[in-house]
Amino acid sequence: MAHAEVIPILDFGSQYAQLICRRVREQGVYSELMRPDTPASKLRAMNVRGVILSGGPASVYDAGAPMCDPAIFELDVPVLGICYGMQLASKVMGGEVRPAAHREYGRAQLHIHADDPLVHGLPQDTTVWMSHGDQVVALPDDFVPLATTPTCPYAAVRHRTRSFFGVQFHPEVTHTPRGSQLFKNFVYDICKCRGEWTMKGFVDEQVEKIQKQVGSGRVICGLSGGVDSAVAAALIQKAIGKQLTCVFVDNGLLRKHERDLVESTFRDHFHIDLRVVDASAAFLGDLVGVTDPQEKRKRIGHRFIDVFKQTVREQLETGGSSGDASSDRVRFLAQGTLYPDVIESGHGHAGTAANIKLHHNVGGLPAELGFELVEPLRELFKDEVRKVGEVLGLPEEIVWRHPFPGPGLAVRVMGEVTPERLRVLRDADEIVLEELIANDLYRKTSQVFAVLLPVGTVGVMGDGRSYDSVIAVRAVESQDFMTADWSRLPYEVLARMSSRIVNEVRGVSRVVYDISSKPPATIEWE
Ligand code: XMP
């Protein structure tokens with residue numbers, strides 16, 4: 001989509017490239033990651049307002065080190081080089097880059113000694129985050145130093161006459177507490193943007209785009225209960241109303257009240273044509289006797305595709321129940337694909353950042369189904385999707401929902417999945433969530449749930465000995481779910497969860513708390 005104001009990031013493989021992109025967007029200007037060697041002519045054709053060169057793991061003197069088109073420094077727009085981006089620009093313009101005496105990783109004290117729009121509003125002395133091996137040791141003739149750290153003489157620089165700026169530190173990470181001021185300066189004072197990228201504007205643009213793509217065709221959207229598919233559905237509904245049909249598959253592996261929430265939100269509140277397919281018997285049948293986690297995932301994934309296909313065939317292609325326009329074949333499939341998925345699957349750019357794709361997404365549908373995809377959230381990060389959800393009036397329980405895995409409770413019942421074991425887990429999980437919400441901790445945590453362990457444990461209940469199950473409580477905080485730390489939930493809250501679970505859930509005599517971070521553990525237990 002063409003954006004009035006765009007500042008792309010040329011990605012040299014930085015682990016922080018997505019963060020740079022988010023920081024620019026937080027300033028109200030659209031940004032996206034592009035290949036490091038994107039030709040200047042392409043950027044000119046996009047009418048970019050500025051360009052940012054990201055950091056990266058290479059050394060500018062490495063054979064095969066990623067290079068930018070030198071002509072981007074001749075474009076008549078400001079360029080900001082961060083870390084490797086600054087080193088590369090310095091080399092191109094005649095400076096010298098060398099390995100620093102010590103690889104610098106961590107916080108450093110920045111001292112600003114020159115007045116310049118890039119550093120306006122920053123305190124003269126401030127903390128910044130460094131992560132580099134090389135640094136610029138001799139500035140090109142036309143460069144002016146703006147700031148130093150004790151080990152880095154050129155921590156921020158600018159070109160004397162051209163609009164090039166460079167920083168050796170990382171303003172995009174939270175460890176540089178005043179970093180957003182620097183982006184604000186670059187975006188507004190230097191690139192002269194107006195800040196027109198808003199989620200309200202995004203919704204209006206997408207509504208038009210969806211209408212154009214779909215025409216009078218029919219769209220089907222699988223709802224998972226999660227925020228992405230919910231926001232995609234609400235957005236498409238706004239664009240094409242009754243041409244949208246949503247399908248929610250009850251696989252028998254949902255949390256308590258999950259199905260009710262989806263039904264009340266989409267059918268009662270949004271008046272979406274929602275088909276709920278109860279396929280729990282088939283899913284649970286597939287899982288009889290299965291204990292291997294990957295095998296569980298595989299069977300659930302296959303069954304999901306079968307059920308979805310069959311639903312489309314039976315309910316929609318033959319006219320279904322909604323009446324209007326139903327004789328048309330459904331040609332479009334809506335999905336809540338997000339920008340990080342697009343980047344990770346390699347379509348976004350040729351960045352070299354380590355690609356750690358941990359899970360085959362069980363909710364996914366194969367391309368052979370023959371649908372044309374409608375993916376209105378492809379440009380967005382998760383926090384932006386939540387904002388779109390708010391603009392569209394989705395309830396808080398959906399917008400701020402913790403993630404839930406496609407294979408559902410099957411990967412939280414360790415060992416065999418049976419209706420009785422699911423009952424135990426569901427009841428315990430409900431208590432965990434109730435206590436979390438009652439203590440105002442839901443929004444402060446990233447993902448919290450109960451796990452049923454495959455061991456018996458001795459207890460005393462009343463006067464007798466019991467031999468019952470163990471529930472583990474898992475609570476984590478995470479930015480991107482690639483790494484996570486266990487939540488320091490208050491002892492009183494844990495105590496209450498534990499006593500309520502043991503007292504209220506038949507079949508549980510012990511509760512333990514998981515204090516593992518990721519890595520080396522994962523968030524889910526299977
Ligand atoms: P782990 O357990 O790998 O999980 O730390 C990271 C995030 O991914 C979710 N997850 C899944 N999501 N299908 C999904 O759709 C899966 O098979 C799956 N396994 C884990 C997990 O809940 C966490 O948010």
Side-chain angles (χ1 to χ4, degrees), residues 7 9-24 26-27 31 50-60 68 78-91 93 95-140 143-159 163-187 189-191 353 479:
I7 299 184
I9 319 293
L10 302 194
D11 180 6
F12 294 97
S14 169
Q15 55 176 323
Y16 302 135
Q18 286 192 36
L19 266 181
I20 305 174
C21 194
R22 288 169 62 176
R23 294 291 166 259
V24 175
E26 275 162 21
Q27 295 300 330
S31 178
V51 178
I52 296 180
L53 313 180
S54 84
S59 163
V60 290
C68 61
V79 178
L80 170 65
I82 296 176
C83 195
Y84 180 87
M86 163 176 163
Q87 295 160 10
L88 186 64
S90 302
K91 181 177 168 239
M93 292 188 246
E96 191 181 345
V97 179
R98 285 218 183 284
H102 303 286
R103 200 191 133 70
E104 198 179 9
Y105 184 82
R107 289 184 175 78
Q109 277 307 309
L110 183 78
H111 177 72
I112 297 169
H113 54 73
D115 187 27
D116 187 85
L118 185 70
V119 291
H120 265 176
L122 285 166
Q124 198 168 23
D125 292 283
T126 182
T127 304
V128 295
W129 183 258
M130 289 289 196
S131 173
H132 62 108
D134 291 357
Q135 64 183 26
V136 178
V137 291
L139 280 189
F143 276 33
V144 187
L146 303 175
T148 59
T149 72
T151 55
C152 179
Y154 309 122
V157 300
R158 69 158 299 159
H159 192 283
S163 201
F164 174 80
F165 303 81
V167 289
Q168 180 55 70
F169 58 90
H170 289 274
E172 67 275 21
V173 302
T174 50
H175 307 305
T176 300
R178 301 299 297 271
S180 60
Q181 178 70 44
L182 194 139
F183 284 107
K184 190 169 174 201
N185 293 343
F186 183 70
V187 164
D189 300 339
I190 296 173
C191 297
Q479 292 283 324

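Values in this document were obtained by computation on a predicted structure and should not be read as measured data. Position 1 is the first residue of the sequence, and the numbers go up from there. Computation of the quantities below employed the complete heavy-atom set of this structure, encompassing side-chain atoms and omitting hydrogens, waters and symmetry-equivalent molecules.
- The list of salt bridge (charged side-chain N to carboxylate O under 4.0 Å, His left out) pairs with a residue in residues 109-123, not counting sequence neighbours, reads Asp116-Arg158.
- Rounding to the nearest 0.5 angstrom, the gap separating the CD atom in Gln181 from the CD atom in Gln27 is 8.5 Å.
- If you take CD on Gln109 and OG1 on Thr127, they are separated by 4.0 Å, rounding to the nearest 0.5 Å.
- Ser180 pairs by the side chain to side chain donor-acceptor pair (under 3.5 Å) definition with nothing, not counting sequence neighbours.
- Taken from CG in Asp134 to OG in Ser59, the straight-line distance is 3.5 Å, to the nearest 0.5 Å.
- In this structure His113 satisfies the side-chain contact (heavy atoms from CB on, under 4.5 Å) test together with His111, Pro145, Thr148, sequence neighbours excluded.
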Test Val157 against Leu139 for side-chain contact (heavy atoms from CB on, under 4.5 Å), laying out the working first. CA-CA 9 Å; Val157 300; Leu139 280 189; 3.8 Å; yes
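- Here salt bridge (charged side-chain N to carboxylate O under 4.0 Å, His left out) pairs that include residues 173-185, with residues two or more places apart or in two chains, number zero.
- Considering CG of Leu118 and CD1 of Ile112, their distance stands at 8.5 Å, rounded to 0.5 Å.
- Legend: residues meeting side chain to side chain donor-acceptor pair (under 3.5 Å) with Gln479, ordered by chain and number and at least two apart, are absent.
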Determine whether Val24 and Phe186 satisfy the following criterion, side-chain contact (heavy atoms from CB on, under 4.5 Å), listing intermediate values before the conclusion. CA-CA 9 Å; Val24 175; Phe186 183 70; over 6 Å; no
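- In this structure, Ser14 OG and Ile82 CD1 are separated by 8.0 Å, a value rounded to the nearest 0.5 Å.
- At a threshold of 4.5 Å between non-hydrogen side-chain atoms, the residues Val173 and Leu19 count as touching.
- Across Gly95 and Pro140, no two heavy atoms sit closer than the pair N-CG, 3.5 Å.
- Within the structure, every pair that satisfies the side chain to side chain donor-acceptor pair (under 3.5 Å) test and touches residues 164-175, not counting sequence neighbours, is listed here: Gln87-Gln168, Arg107-His175, His170-Glu172.
- You'll find the side chain of Met86 stays beyond 4.5 Å of the side chain of Leu53, heavy atoms only.
- Here the closest heavy-atom approach between residue Cys68 and residue Phe12 is recorded as CB-CZ, 3.9 Å.
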Start with the C-alpha gap between Phe169 and Thr149, add the side-chain angles, then the distance that decides, and say whether side-chain contact (heavy atoms from CB on, under 4.5 Å) holds. CA-CA 10 Å; Phe169 58 90; Thr149 72; 5.9 Å; no
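- When the side-chain contact (heavy atoms from CB on, under 4.5 Å) test is applied to Ser163, the partners found at least two apart in sequence or on another chain are Pro78, Phe165, Ile190.
- Arg98 pairs by the salt bridge (charged side-chain N to carboxylate O under 4.0 Å, His left out) definition with Glu96, not counting sequence neighbours.
- Heavy atoms only, all atoms of each residue included: Gly13 and Ser54 are closest at N-OG, 4.2 Å.
- Residues Gly50 and Cys191 approach most closely at CA-SG, 3.9 Å, considering heavy atoms.
- Note that OG of Ser131 is 7.5 Å distant from CH2 of Trp129, once rounded to the nearest 0.5 Å.
- Take Ala89 and apply the side-chain contact (heavy atoms from CB on, under 4.5 Å) test, not counting sequence neighbours, and it matches Phe73, Met93, Phe164.
- Of the candidates Ile7, Ile9, Val51, Leu182, Leu80 forms a side-chain contact (heavy atoms from CB on, under 4.5 Å) with just one, namely Leu182.
- Residues passing the side chain to side chain donor-acceptor pair (under 3.5 Å) test with Glu104 are His132, Thr151, sequence neighbours excluded.
- Between Gln135 and Pro153, some side-chain heavy-atom pair lies under the 4.5 Å cut-off.
- Considering only residues two or more places apart in sequence or on other chains, Tyr154 meets the side chain to side chain donor-acceptor pair (under 3.5 Å) condition with none of them.
- For Ala58, the side-chain contact (heavy atoms from CB on, under 4.5 Å) criterion is met by Asp62, Ala65, Pro66, Tyr84, not counting sequence neighbours.
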